[in-house]
Amino acid sequence: MLDIKFIRENADAVKAAMKNRNADVDVDAVLALDARRREIVSEVEALKAERNKISKSIGMMIKEGKDPEEIKAQVREMGDKITAFDTELREVEADLREKLLYIPNMPSDTTPVGQTEDDNPVIRSWGEKVELGFEPQMHWDLGEKLGLFDLERGAKLSGSGFPLFTGRGAKLERALIQFMLDLHTEEHGYTEVATPFMCNEQTMTGTGQLPKFAEDMYTVPLDGLYLIPTAEVPVTNMYANEILDKDLPILHTAYTPCFRREAGSAGKDTRGLLRVHQFDKVEMVKFTTPETSEEEHEKLTLDAEKVLQKLGLHYRVIELCTGDIGFSASKCYDIELWAPAQDKWLEVSSCSNFKDYQARRANIRYRDENGKTQFVHTINGSGVALPRLVIAIMENYQNEDGSIDLPEAIWPYMGGLKKID
RNA sequence: GGAAAGAUGACUGAGUGGCUGAAGGUGCUGGACUGCUAAUCCGGUGUACUGCUUACGCGGUACCGAGGGUUCGAAUCCCUCUCUUUCCGCCA
C-alpha cells in the first residue's frame, strides 16, 4: 500500500496517478480519515498521559497510607472518555486501512502514460518469425494427435481449463520446469524454494491479491485458505513481518502450480492451453534496496529472456502503460512469445517492480547502512509460465508431418529425446 | 483428533499488579588500555504512531504471540484464539 504520509504530502500527484491508471480512488476521503485519526490520537494520548501520571500518584498515596478513592473516581471518568476515543480510533483506523488496501501502487515516473494495452510500447525483440513453409497446425490439434495432453479427460476431472498432460507431454512439462530452475539457480544466482500452494488471508493481502481480487482466486473456506495464483505470493511473504539483516538483494526462484478462476474472461482466447485455471510456472522473486531495485528489475527481466533465448524462441518485450499495469506494480515488462499458428503474441512473463508497495503491506524491512529500518523493494517475474511456452514450442518447432522438434536445451531433460512424433 | 507444557527484545533468560521499555548474560557497536592474537574496563544498542523542532534532537502514546476483559493502573490476573514442543491417535 501507499504510505499515508506520502499521500498526505503529495495528494495531487496521487490523484493524477490514479487518473492515469483509470482507477477510481477517493483520495480526499482517505485524507479526511487520516486527519480525523490524527486528531483523535493527539486527544486520546494527552488523556492517557494524564491518566498514567495520576495512576502513579495513586500508587504513592497508597504507600503513604492516604485515601485515594476520590482521585480514583476522577480517573475512572477519564477512563471512560479514553475508551470512547479508542473505540472511534479503532473504527477510523480500520476504515482507513481498508481504503488504503484498495489504492493501487503509484506508477513509476518512467512508466509510459496510456489508456489500454494498445498503448504499451515495444521495448525490444529477439529472434525472428519462423518461416515454416506450410500451413501451421494449432497446438490443440498437434497435442491431441501426439498424445501430449487430453483436455477432455482433464475437463471430466475438474472442468474446462484444467489440463491433463499425458506421456511425453507430461514429461515435457517436467523437463521445462527442471530446465528453468537449473538455469536460474546455476547461472543467475537464485536460491530455489518450494512453497505451500495454499496461503492464508494475511499472506494474500501482503502481495495485493486481497482484498480487491478475492473473486479471482480459488478458496478453501473451511480452513480460510486460498490457492495461490502465483508463487509470488508465498515467496514474497516468506519474509513478512521481518527485518532482514542478510545482505540484499535476496534472490529466490520457485516452481509452483498456479490457480486462477479467470472470472470474467470466459470465452476469450481460451482454446487449448491458451488460458487455463491451473498451470505450472517458475517464478523469480527479488528483495532489494531502493537504490538497486531498478537495476535488479532490468536484470530479472533479462533472466526471464534468457530462458527463451536458450529455447530459441522469438519474443518481444513490451512495457505496460499506466492504464494496463497491474494493481501492485510500479513498473512492468511483459515478455511475449510469437506463436505462428495463433498468428499472435502470447504473454509468458510479467516482470514487475513493486517498489515498497508490497513490502509495506507485508511489512518486510531491512536495516540500511545507518542502522535505520526501511522497507525493501520487491521485484518478481515469471521465468516463465508453462502453458504458453509449450504452445510456442509446439507451434514454432512443428514440422509439416505434424511432428515437433524439441529445442536442444531440453534434450538432456527429455532423456535425449530430440523429436516428438 | 485427544492430553500436557510453553510463547518476553538479534539471541539467551529474569520478571505474579505501580519503582519494568523491560534485570543479568551473549551478540553487535563506539571508546579506553595492553607492542600482535586474546583478554579487561567504560558507554551505546527495539519498533511504530504522534506533536514540537526539523541539522542533530526533545516530548507523548502504544507494543512482552494475537484479540478481548478486570483495575485508578497489566508483561504480570481472567477469557478466547493462534502457534510451538512433547506424548497418544491417525496417516502419505
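Below, all heavy atoms of this structure are taken into account, side chains as well, without hydrogens, waters or symmetry copies.
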Can you tell me how far [atom1] in [N] sits from the matching atom in [M], rounded to whole Å?
N     : M     : atom1 : result
B:G73 : B:G18 : C1'   : 7 Å
B:G2  : B:G60 : P     : 48 Å
B:U85 : B:C33 : C1'   : 47 Å
B:U47 : B:C64 : C1'   : 13 Å
B:U82 : B:A23 : C1'   : 30 Å
B:C87 : B:G30 : P     : 46 Å
B:G24 : B:A32 : C1'   : 24 Å

Enumerate all atom pairs, one protein N or O and one N or O from nucleotides 73-75 of chain B, separated by less than 3.5 Å.
unit_1, atom_1, unit_2, atom_2, d
B:G73, O4', A:Ser55, OG, 3.3

Starting at atom [atom1] of [X], determine the distance to atom [atom2] of [N], rounded to an integer number of angstrom.
X        : N     : atom1 : atom2 : result
A:Ile54  : B:C72 : CD1   : P     : 13 Å
A:Asn241 : B:G65 : CG    : P     : 15 Å
A:Gln202 : B:C83 : CD    : P     : 13 Å
A:Asp86  : B:G67 : CG    : C1'   : 14 Å
A:Asp80  : B:C72 : CG    : C1'   : 12 Å
A:Leu89  : B:C63 : CG    : P     : 13 Å
A:Ile62  : B:G17 : CD1   : C1'   : 11 Å
A:Met61  : B:C19 : CE    : C1'   : 18 Å

Quick one: do A:Asp80 and A:Arg76 make a salt bridge, cutoff under 4.0 Å? no
Salt bridge check: are A:Lys15 and A:Asp26 linked by an N-O gap of less than 4.0 Å?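 Judged by the 4.0 Å cut-off on N to carboxylate O distance, A:Lys15 and A:Asp26 do not form a salt bridge.
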Below 6.0 angstrom between ring centroids: does that apply to A:His277 and A:Phe162?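 So the answer is yes for these two rings.
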Are A:His377 and A:Tyr357 near enough that their ring centres are under 6.0 Å apart?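 Not under 6.0 Å, so no.
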With pairs taken as Watson-Crick or G-U wobble and both distances under 3.5 angstrom, which stems of at least three consecutive pairs involve RNA chain B?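 Stem list for RNA chain B: B:1-7 with B:82-88, B:10-12 with B:24-26, B:27-32 with B:40-45, B:46-52 with B:57-63, B:65-69 with B:77-81.
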Can you see whether A:Ser293 engages A:Lys355 through a side-chain donor-acceptor pair at a distance of less than 3.5 angstrom?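 The criterion, which ignores hydrogens and geometry beyond distance, is not satisfied for A:Lys355 and A:Ser293.
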Do A:Thr110 and A:Lys331 have side-chain N/O donor and acceptor atoms under 3.5 Å apart?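 On atom types as modelled, these side chains qualify, holding a pair under 3.5 Å.
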Side chain to side chain donor-acceptor pair (under 3.5 Å) for A:Asn200 and A:Thr203? Distances and angles first, verdict last. CA-CA 5 Å; A:Asn200 59 28; A:Thr203 300; 2.8 Å; yes
Return whichever of A:Thr83 or A:Arg76 has its heavy-atom-nearest nucleotide of RNA chain B closer to the 5' end.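 First, find each residue's nearest nucleotide; the 5'-ward one identifies A:Thr83.
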Looking at A:Glu408, I want to see if its CD is surrounded by more than 12 non-hydrogen atoms of other residues, nucleotides or ligands under 6.0 Å.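 Open: at most 12 neighbouring heavy atoms sit under 6.0 Å from CD of A:Glu408.
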Crowded around A:Asp421 CG? As in, over 12 foreign heavy atoms under 6.0 Å? yes
How does protein reach along nucleotides 44-54 of chain B, written 5' to 3' as B (base within reach of a heavy atom under 4.0 Å), S (only sugar-phosphate), or - (no contact)? ---SSSSS---
Tell me, with the steps shown, if A:Leu2 and A:Ile7 meet side-chain contact (heavy atoms from CB on, under 4.5 Å). CA-CA 7 Å; A:Leu2 298 182; A:Ile7 300 176; 3.9 Å; yes
Before giving the answer on side-chain contact (heavy atoms from CB on, under 4.5 Å), spell out for A:Leu386 and A:Leu273 the whole-Å C-alpha distance, their side-chain angles and the decisive distance to 0.1 Å. CA-CA 9 Å; A:Leu386 270 286; A:Leu273 299 177; over 6 Å; no
How far apart are the C-alpha atoms of A:Gln358 and A:Glu232, what are their side-chain angles, what is the distance that settles it, and do they pass the side chain to side chain donor-acceptor pair (under 3.5 Å) test? CA-CA 11 Å; A:Gln358 292 182 324; A:Glu232 159 193 351; 2.8 Å; yes
